[in-house]
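Take a look at the structure set out below.
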Amino acid sequence: MPLPKLPTKPATLLLAKDYPKASGANPVPFPEHDTAPQKKSTRGRTAEVLDTVTPTVLAEALPPAPPAKKTTRKSAAKTAAEAPAAVPAVPAVAAVPPATVEYPAAAEAAPATAKAPRAKVTPIKAEAPHPAKHKPVEVTIKSSTSRHADQIGGTKLFVLDTNVLMHDPTSLFRFEEHDVYLPMMTLEELDNHKKGMSEVARNARQVSRTLDALVANTDDDAIEQGIPLSKLGNKDAKGRLFFQTKLQIADLPEGLPQGKADNQILAVVRSLEGDQPGRAVVLVSKDINMRIKARALGLPAEDYFNDHVLEDTDLLYSGIVQLPDDFWNKHGKDMESWQENKNGYSTTYYRVTGPFVPSLLVNQFVYLEPNNGEASFYGQVKQLNGKTAVIRVLRDYSHNKNNVWGVTARNREQNFALNLLMDPECDFVTLLGQAGTGKTLLALASGLAQVLETKLYNEIIVTRVTVPVGEDIGFLPGTEEEKMGPWMGAFDDNLEVLNKSDNDAGEWGRAATQDLIRSRIKIKSLNFMRGRTFVNKFLIIDEAQNLTPKQIKTLVTRAGPGTKILCLGNIAQIDTPYLTEGSSGLTYVVDRFKGWAHSGHVTLARGERSRLADHASDVL
């Protein structure tokens, strides 16, 4: 809530109790004066008089302010002209006409950048439109050396840490026209991590094969001069690859262990800076402590953010857009409408043309909720052709007659999600949302309805990443499904809710239904997915935010004819090391699949678990 300015709007002056109290001989500065530093020579004697009057004295001398009204420029100017007569107790201020009080022009824009202390004001808390209030701010910061090289247009020399190569095996070719330098210690660490069946070991082996292909048929002199990174057909990589071919000694602070790999890489960066004084040498590492140590030593260091799909996850495609209030006035001139009978339901379509259409995407949901009492409109874009779009009116799953396995939509986003989940033409669905928004319940209900009722799919396959939240409890006994059982507690809870929805069946009927449901749900591990093909399956990938883009590609490409894949997750809860909201596999597929005619995405914004869970997600 910005503080009012005395010379222009005296009608909105604060009351005496709202002003900060002056302490000692130093009066509290006027709220307007501490918005920007002002020179005494440009303000004249009137400004000096204002400085000597404390806010408390001035507030007691003024009459109480009337209730807040919406003031216009004319009313504010009129009140300002009458202000001197309303302050008889302060003759030094009242005797001076308002026109003689000069303020610098910069005072208008100063509050955005001024560092002076401001009077304490209690802000008005507005309700945020999205419940994810505690999203960590993800900022991509370049080092000053990189920024300077960008300004002058020079190429950089990136020294890669081992974890960058093990995180992204193709990172060698992601630096455009810049050169890449590999210290000998990086190659040593790659060799140490190449054994095993983990994702890190596979990446290390892939990097080794890539380096072998680059070095093949290359003379020793060519290695000194640098190997072109475009040698293997990567046209975007226009730089060169350099290896450490000689011992590089640099002075690091005493006390740093010389045998540690991180310190040896830092010594190489320091030595390269001395050997190439006009070159921007930047260390690239996924290790936060490594970057902090480099900055402490005065070396430029950056995170590897070329794998980020988006720099800011607030820009992530939500799948929903609100239509402007005048949408039908601007787009309804030559509108056509018709009805089609699909999947046993009669559906209404509209063909509209106008300026808002090019900003839409296929399968994006649109809605219009007028404030004048008219009926709300909910639709889905099915076709786009220039400025013409075909919009399909959605089926209302919030009504009990359209329930899905006893589940109805409780809010707008859930209605959108059920329209995607029950659409046989939509092969790939992604649902994002915080805990309690109903992702798993909607997915299971729609899967059971299409497996047991409409017989559209043969069975439901459920899988998820087995990344523990806390300490691992050790090996689990039993078969593959029994080992995966503890990870599928969320599905067991939702199945229990779906079973209790039928009260007429009785206890025996519910038990038989539960056995039937269990026979149609298969729980599989991600470790054994490679090489499989799923035909006519309803595949649910839970906790997909913990998957890397490579892993999620492996899963999505398992789909055979008639298979539908669902990816559920919350990108604010990532447990996999080195994965962030911008580089998660779930973010990757949401961004890459948007606009495809057979995929859809919805971000669920409102929690429906319980009032306790909703309040906890807001305040904790």
Can you sort out the partners of [X] under ring pair (Phe, Tyr, Trp, His ring centres under 6.0 Å), two or more places apart, ordered by chain and number?
X	answer
His399	none
Phe158	Phe175, His178
Tyr457	Phe538

Donor + acceptor pair across side chains of [X], [Y] (<3.5 Å):
X	Y	result
Thr408	Ser398	no
Tyr304	Asp168	yes
His601	Thr603	yes
Arg558	Thr554	no

Checklist entry - Cation over ring, Arg395 on Tyr345, under 6.0 Å and within 45°? => result yes

Next on the checklist: When you compare the side chain of Lys594 with that of Arg592, does any pair of heavy atoms fall below 4.5 Å?
Outcome noted: no

Checklist entry - Parallel, tilted or perpendicular: which fits the ring planes of Trp596 and His598, with parallel below 30° and perpendicular above 60°? => result perpendicular

Checklist entry - Which word best sums up how the rings of Phe377 and Trp328 line up, parallel for under 30°, tilted for 30 to 60°, or perpendicular for over 60°? => result perpendicular

Checklist entry - Is it true that a side-chain atom of Ser337 and a backbone atom of Tyr349 form a donor plus acceptor pair closer than 3.5 Å? => result no

Item to check | Residue pairs fulfilling salt bridge (charged side-chain N to carboxylate O under 4.0 Å, His left out) with at least one residue in residues 438-457, sequence neighbours excluded | outcome: none

Item to check | Closest approach of Leu361 to Gly595 (non-hydrogen atoms, all atoms of both residues) | outcome: CB-CA, 4.3 Å

Next on the checklist: How close do Ser584 and Ala544 get, counting heavy atoms only, and between which atoms?
Outcome noted: OG-O, 4.3 Å

Item to check | With sequence neighbours excluded, residues passing salt bridge (Lys or Arg N to Asp or Glu O under 4.0 Å) with Glu336 | outcome: Arg351

Item to check | Any residue meeting salt bridge (Lys or Arg N to Asp or Glu O under 4.0 Å) with Glu176, in chain and number order, not counting sequence neighbours | outcome: none

Checklist entry - So, Arg520 and Glu459, do they make that salt bridge, N to O below 4.0 Å? => result no

Checklist entry - Is the shortest distance from a Lys or Arg side-chain nitrogen in Glu369 or Arg412 to a carboxylate oxygen in the other one below 4.0 Å? => result yes

